[in-house]
Amino acid sequence: MSLNAESTAFRSALEVIRAVEPRVADAIGAELADQRESLKLIASENYASPATLLAMGNWFSDKYAEGTVGRRFYAGCQNVDTVEALAAEHARELFGASHAYVQPHSGIDANLVAFWAILADRVESPALKKAQVRQVNDLTEADWFALRRELGNQRMLGMSLDAGGHLTHGFRPNISGKMFDQRSYGTDPATGLVDYDKVAEAAREFKPLILVAGYSAYPRKVNFRIMREIADSVGATFMVDMAHFAGLVAGKVFTGDFDPVPHAHIVTTTTHKSLRGPRGGMVLCGPELADQVDRGCPMVLGGPLPHVMAAKAVALAEARRPDFADYAQRIVDNAQALAEGLTRRGAKLVTGGTDNHLVLIDVTGYGLTGRQAEQALLDSGIVTNRNSVPQDPNGAWYTSGIRIGTPALTSRGLGVAEMDQTAELIHTVLSQTTSGESKAKYVLDPALADKVSKQANELLAGFPLYPAVDLG
Ligand code: DSN
């Protein structure tokens with residue numbers, strides 16, 4: 001696509017918006033400027049392609065399309081059917097899945113759809129069975145009471161939050177922690193790695209209905225073949241939330257035992273992290289759960305977002321191109337270079353390194369809390385987020401870790417040499433910051449923050465973001 005086409009498209013869109021509410025047009029332009037200037041190391045963020053972004057701004061946004069392809073609760077969905085079917089086809093082909101449901105609006109939504117499908121498939125509830133075969137009017141108040149009782153308090157075993165698990169895997173602040181009786185498996189205190197024997201032991205004791213694997217802050221691969229064996233040994237449904245590493249699965253960096261799709265009963269993901277698509281979610285599964293998954297809307301989800309499904313189709317088509325595999329490999333090469341650069345300079349990393357797209361620095365090694373480190377880095381033009389580390393002494397708010405990820409900078413074209421420079425900037429800030437009088441306060445010389453910020457900008461200058469987009 002030529003420079004002119006992209007610039008013209010975005011300039012024209014902003015001109016149309018500006019005529020109605022100029023402050024929105026200004027904010028959109030300012031967001032691009034901010035993203036261009038910051039060293040974005042948030043492990044869950046990326047930069048979608050112009051084609052993906054443009055596919056979202058159109059008339060599909062105006063359409064209701066509850067139901068599934070060819071079976072809608074609204075008339076006139078033929079074009080929505082086209083894009084939903086395309087997105088699902090690309091997803092199936094890309095991941096080798098027999099079924100793909102591309103309607104979830106986010107990762108939380110995708111997980112709720114999966115939980116519903118597993119409950120509906122697995123829980124022995126006569127009332128639920130009646131409700132499923134559309135005899136809802138025949139259900140008595142006692143049936144409904146029984147249905148709620150039978151669906152509630154089912155058991156889920158997932159990775160603990162401080163080991164890198166996700167809030168939606170049964171933790172109290174999320175609805176999954178209120179729906180399910182949850183237990184966690186952690187990581188080995190000495191190595192920081194998942195101890196599969198301990199997971200098996202926890203599964204034998206707890207006998208979960210659902211065994212969940214997947215993480216948002218674990219810097220290593222998970223062996224999904226072993227996890228499936230553990231699930232099978234206790235009759236659990238094995239669910240993998242691959243939101244963080246979907247791009248590495250798509251790009252065939254995670255294969256064999258480390259590709260969740262052949263091993264899990266059901267796989268959920270977001271589409272906007274390492275997969276580099278629009279903000280949204282997706283569920284992959286085999287034929288056994290497909291019917292229940294397809295009930296996601298209106299069972300769990302609000303009306304699908306056809307404009308986002310159009311963008312998912314575009315992004316998934318991009319991920320099927322050979323150059324995406326190269327991108328995925330560079331994400332991991334960059335994360336490993338960043339980990340090596342930090343370790344060489346004395347940083348303490350959870351598990352001592354990384355196999356994936358993220359690195360978790362234990363900032364207690366610098367005498368800081370995660371919150372202090374996050375803000376000091378932000379003052380210096382480096383955008384990261386604080387994160388718990390295993391057995392975190394500072395709790396989930398202040399934390400003791402900084403999570404950094406490479407999908408976004410890799411999309412910009414930065415490589416291993418620039419990762420070493422990035423490690424130097426991060427280490428400089430963290431080693432020059434001292435703890436203040438509270439877990440949130442810190443002392444950092446503003447001149448140093450300014451100097452690092454300028455160096456970060458110089459580093460980025462060689463790798464322009466959206467180089468073909470000139471907003472004028
Ligand atoms: N918020 C995402 C992350 O940053 O990992 C997960 O939901």
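Every number for a ligand or one of its atoms is a count from 1 in the order of the listing.
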NZ or CZ of R276 within 45° of Y327 ring axis and under 6.0 Å: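 Satisfied, under 6.0 Å and within 45°.
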
Within 45° cone and under 6.0 Å: K40 NZ/CZ vs Y47 ring: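 Yes; both conditions hold, so K40 lies above the ring face of Y47.
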
Can you label the angle between the F245 ring and the F224 ring as parallel, tilted or perpendicular, going by 30° and 60°?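 Parallel, since the angle between the ring planes stays under 30°.
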
Which ligand 1 atoms are under 4.0 Å away from a heavy-atom of [X]?
| X | value |
| --- | --- |
| S44 | 3 (C), 4 (O), 5 (O) |
| H166 | 6 (C), 7 (O) |
| S216 | 5 (O) |
| H244 | 3 (C), 5 (O) |
| R403 | 3 (C), 4 (O), 5 (O) |

Non-hydrogen protein atom less than 4.0 angstrom from atom 1 (N) of ligand 1: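 Given the 4.0 Å cut-off, atom 1 (N) of ligand 1 does not count as touching protein heavy atoms.
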
Is E45 near ligand 1, meaning one of its heavy atoms is under 4.0 Å from it?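 Distance cut 4.0 Å: E45 fails for ligand 1.
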
Short question: side chain of R279, backbone of S106 - any donor-acceptor pair under 3.5 Å?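 Not a single qualifying donor-acceptor pair exists.
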
Under 3.5 Å, is there a donor-acceptor pair between the side chain of R403 and the main chain of S216?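 Yes.
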
Might you confirm whether atom NZ of K441 has over 12 heavy atoms from other residues, nucleotides or ligands at distances under 6.0 Å?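 Atom NZ in K441 is not crowded, with 12 or fewer foreign heavy atoms closer than 6.0 Å.
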
